[in-house]
Amino acid sequence: RKAYVSCRKYVGTSLRAGLGLKQGGTAVYPSLAVIAEDVFIWKRGLAVDTLRRWRMVMETELEIKYKKSDEVKNGEKMMNTRFGEFGGQYIPEILMSEINHVAEAYEKYKNDPAFKAELKDLYANYTGRPSMLYEAKRMRADLGGPKIYLKREDLNHTGAHKINNCIGQALLAKRMGKTRIIAETGAGQHGVAAATVAALLGMECEIFMGEIDTERQALNVYRMRLLGAKVNAVKTGSRVLKDAVNAALQNWSARCDDTHYLIGSAVGPAPFPEMVRDFQCCIGEESKEQILEKEGRLPDAVFACVGGGSNSIGTFYPYKDDTDVQLIGCEAGGEGIDTPYHAATIAKGRIGVFHGMKSLFCQDDDGNIEEVYSISAGLDYPGVSPEHAYFYKIGRAQYMAVTDEEAVQAFEYLAKTEGIICAIESAHAVAGAMKYAKNMGKNEIILITLSGRGDKDVAAIARYRGQDLKE
């Protein structure tokens, strides 16, 4: 116990020194995993083995601390913050009150008739829901297997599924009295959707995006600024999505009085994984109704791409009790999962704590979050939704890794076969379904969620194929 207390005091001092904080400073790092990966700890000479043991003890302490509040707060029933062993609220005290405020507000308004009516109206008259369920007849004829249906989230206003969650959270933020929203983004689609909703509702908007992602998604950066948002290129860490999340959490820690952090995926501390899933469940709910109307039965297999996992959990969740329907998530295999260049969290990850949640993460033997890679900026994340981790553990969903080359081939194939240029993220799901269809019969049905459109990816795919597009 004495050794642990001494170690904790030492690291606490190192943290404040490394961040330039005084005791009780407000700009704290949002999770233990961030502490573990930051260079100033190594500069202070903390041994790897000591750090690993310290993190294990602290994670156990946090488990005990938050376990009691997972379902009950002040004697009142609250949302369950966990999915089996995954999920939870691994956050600093400075954010605990605000997190609880968000949870209480969501519990209050999610079944409120006025809130639901406004959300439904914006979905129908602003987003364009329900999105189309399209039968890819030429694709089926070419592959020679099952019927293939595409859930066309790419046809939504702003060109992706992200708008579903952004509208829901922004309406909630307004009811909480917030005037400013912040968001992280990788591929830029969530940033565009957040900026769009902020413009619609008259709110200030600030977006955090890894510097590398700003370069490969320059079109979306301009779109965000055109919509009135301030875009911050995050230059710390590996300068991709996880670093954008870190920066957004730090900003929220310092300014949560008027600000709501509009998390874009089903990740982070509770209630965000459940709340984001609920706002995205319109995808799966609609597709069930649509496929029953067209075919009179449910599909045999449902595919969606998985990064953090919002479009996929929104697709899968309404089918969770339909055990005859196979749920298949397609991760970013990058250059191959046996290389260091991938973002296949479920295939290669291990249980850990990062960004306020317990889930599966790509990490080294000492628990430090590893850099990940994908041609897709939207799948370039080292973790996955805690509910996906849970679905994987209980065997309700399967997950497969799709390489860059396979995804690019699917991107090109869908364009040439069906005249649809989908997002490179969505192309991972298309590639997975194409492989899977080879072993399916003609009387079977596949449903694929196209999470977004591919305008943003055309220049990057051209560069991948060796062609430099001019302005």
Side-chain angles (χ1 to χ4, degrees), residues 79 81 89 91 95 98-112 114-123 126-127 129 153 156-158 160-186 188-209 224 227-229 244-245 248-249 251-252 255-283 308-311 313-314 317 355-357 378 385 387 451-452:
M79 68 166 59
T81 70
Q89 295 173 313
I91 53 175
L95 279 176
E98 184 64 20
I99 288 289
N100 285 335
H101 186 201
V102 174
E104 290 163 5
Y106 183 61
E107 286 296 300
K108 176 180 178 180
Y109 289 112
K110 69 178 182 180
N111 294 315
D112 176 69
F115 179 84
K116 292 173 69 176
E118 187 174 6
L119 181 65
K120 183 178 180 180
D121 177 71
L122 287 173
Y123 275 178
Y126 191 70
T127 303
R129 304 209 69 86
E153 292 299 293
N156 292 341
H157 178 43
T158 72
H161 70 290
K162 295 295 188 180
I163 192 75
N164 305 326
N165 170 51
C166 285
I167 289 177
Q169 283 201 57
L171 290 179
L172 184 67
K174 291 282 281 189
R175 283 165 169 77
M176 292 169 63
K178 307 298 185 181
T179 58
R180 176 177 178 261
I181 58 174
I182 60 172
E184 88 296 333
T185 194
Q189 290 299 104
H190 176 59
V192 167
T196 297
V197 173
L200 174 69
L201 299 179
M203 303 177 77
E204 182 184 349
C205 183
E206 192 163 346
I207 306 296
F208 296 87
M209 190 174 189
M224 287 181 262
L227 290 159
V245 176
L249 282 166
N251 184 274
W252 195 32
R255 187 179 168 181
C256 57
D257 55 338
D258 67 343
T259 298
H260 175 70
Y261 178 17
L262 206 164
I263 292 180
S265 196
V267 298
F272 287 102
E274 181 177 339
M275 180 167 63
V276 174
R277 178 202 72 200
D278 289 350
F279 287 135
Q280 294 291 1
C281 269
C282 55
I283 303 172
S310 63
N311 93 92
I313 204 64
Y317 189 76
H355 288 160
M357 62 179 175
S385 164
E387 193 161 16
S451 58

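Hydrogens, waters and symmetry mates play no part in the numbers below; they use all other heavy atoms, side chains included.
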| query | Considering all heavy atoms of both residues, which atom of Ile99 and which atom of Phe272 are nearest to each other, and what is their separation? | reply | CD1-CE1, 3.8 Å
| task | Decide whether Ser310 and His161 meet the rule of one side-chain donor and one side-chain acceptor closer than 3.5 Å. | result | yes
| task | Of all the heavy-atom pairs spanning Gln89 and Ala270, show the shortest one and how long it is. | result | NE2-O, 3.0 Å
| said: With a 3.5 Å distance limit and no angle check, can you tell me whether Ser265 reaches the backbone of Gly309 through a side-chain donor-acceptor pair? | reply: yes
| message | Tell me the closest heavy-atom pair linking Ala170 and Val197, and the distance in Å. | response | CB-CG1, 3.1 Å
| said: So, taking the atom named CD1 in Ile263 and the one named CD in Glu184, what distance separates them when rounded to the nearest 0.5 Å? | reply: 6.5 Å
| message | Checking Leu171 now: which residues fulfil side chain to side chain contact (heavy atoms under 4.5 Å, CB included) with it, not counting sequence neighbours? | response | Phe115, Glu118, Leu119, Leu122, Ile167, Arg175, Leu201
| task | Could you tell me whether the side chain of Lys116 reaches within less than 4.5 Å of the side chain of Tyr109, counting heavy atoms only? | result | no
| said: As a quick check of understanding, evaluate side-chain contact (heavy atoms from CB on, under 4.5 Å) for Asp257 and Glu98, giving each step before the final call. | reply: CA-CA 8 Å; Asp257 55 338; Glu98 184 64 20; over 6 Å; no
| message | Test your reading of the model: is there a side-chain donor-acceptor pair from Ser385 to the backbone of Glu387, 3.5 Å cut-off? | response | yes
| field | Test side chain to side chain donor-acceptor pair (under 3.5 Å) applied to Tyr317 and Gln280, step by step | value | CA-CA 9 Å; Tyr317 189 76; Gln280 294 291 1; over 6 Å; no
| Is Glu204 salt-bridged to Lys178, cutoff N-O under 4.0 Å? | no
| Among side-chain atoms of Tyr106 and Glu274, is any donor-acceptor pair under 3.5 angstrom? | no
| message | Are the side chains of His157 and Thr196 in contact, using a 4.5 Å heavy-atom criterion? | response | yes
| remark: One should read off an interatomic distance between Lys108 NZ and Leu172 CG, to the nearest 0.5 angstrom, of 10.5 Å
| query | Can Gln169 and Asn165 be counted as having a side-chain donor-acceptor contact under 3.5 angstrom? | reply | yes
| message | Tell me if a side-chain donor or acceptor on Tyr123 pairs with a main-chain N or O of Asn164 at a distance below 3.5 Å. | response | yes
| What are the two closest non-hydrogen atoms of Thr259 and Arg180, and how far apart are they? | OG1-NH1, 2.8 Å
| task | Search all heavy atoms of Gly356 against all heavy atoms of Ile91 and return the closest pair with its distance. | result | CA-CG2, 4.1 Å
| query | Are side-chain heavy atoms of Ile182 and His260 found at a separation under 4.5 Å? | reply | no
| said: Taking the side chain as everything from C-beta on, heavy atoms only, tell me whether Asn311 gets closer than 4.5 Å to Glu153. | reply: no
| remark: Closest non-hydrogen contact found for Ala198 with Cys205 is CB-CB, 3.6 Å
| request: Tell me, please, which residues at least two apart from Ala193 pass side chain to side chain contact (heavy atoms under 4.5 Å, CB included). | output: Thr158, Lys162, Ile163, Cys166
| task | Indicate yes or no: does Arg255 engage Glu206 in a salt bridge with an N to O separation below 4.0 Å. | result | no
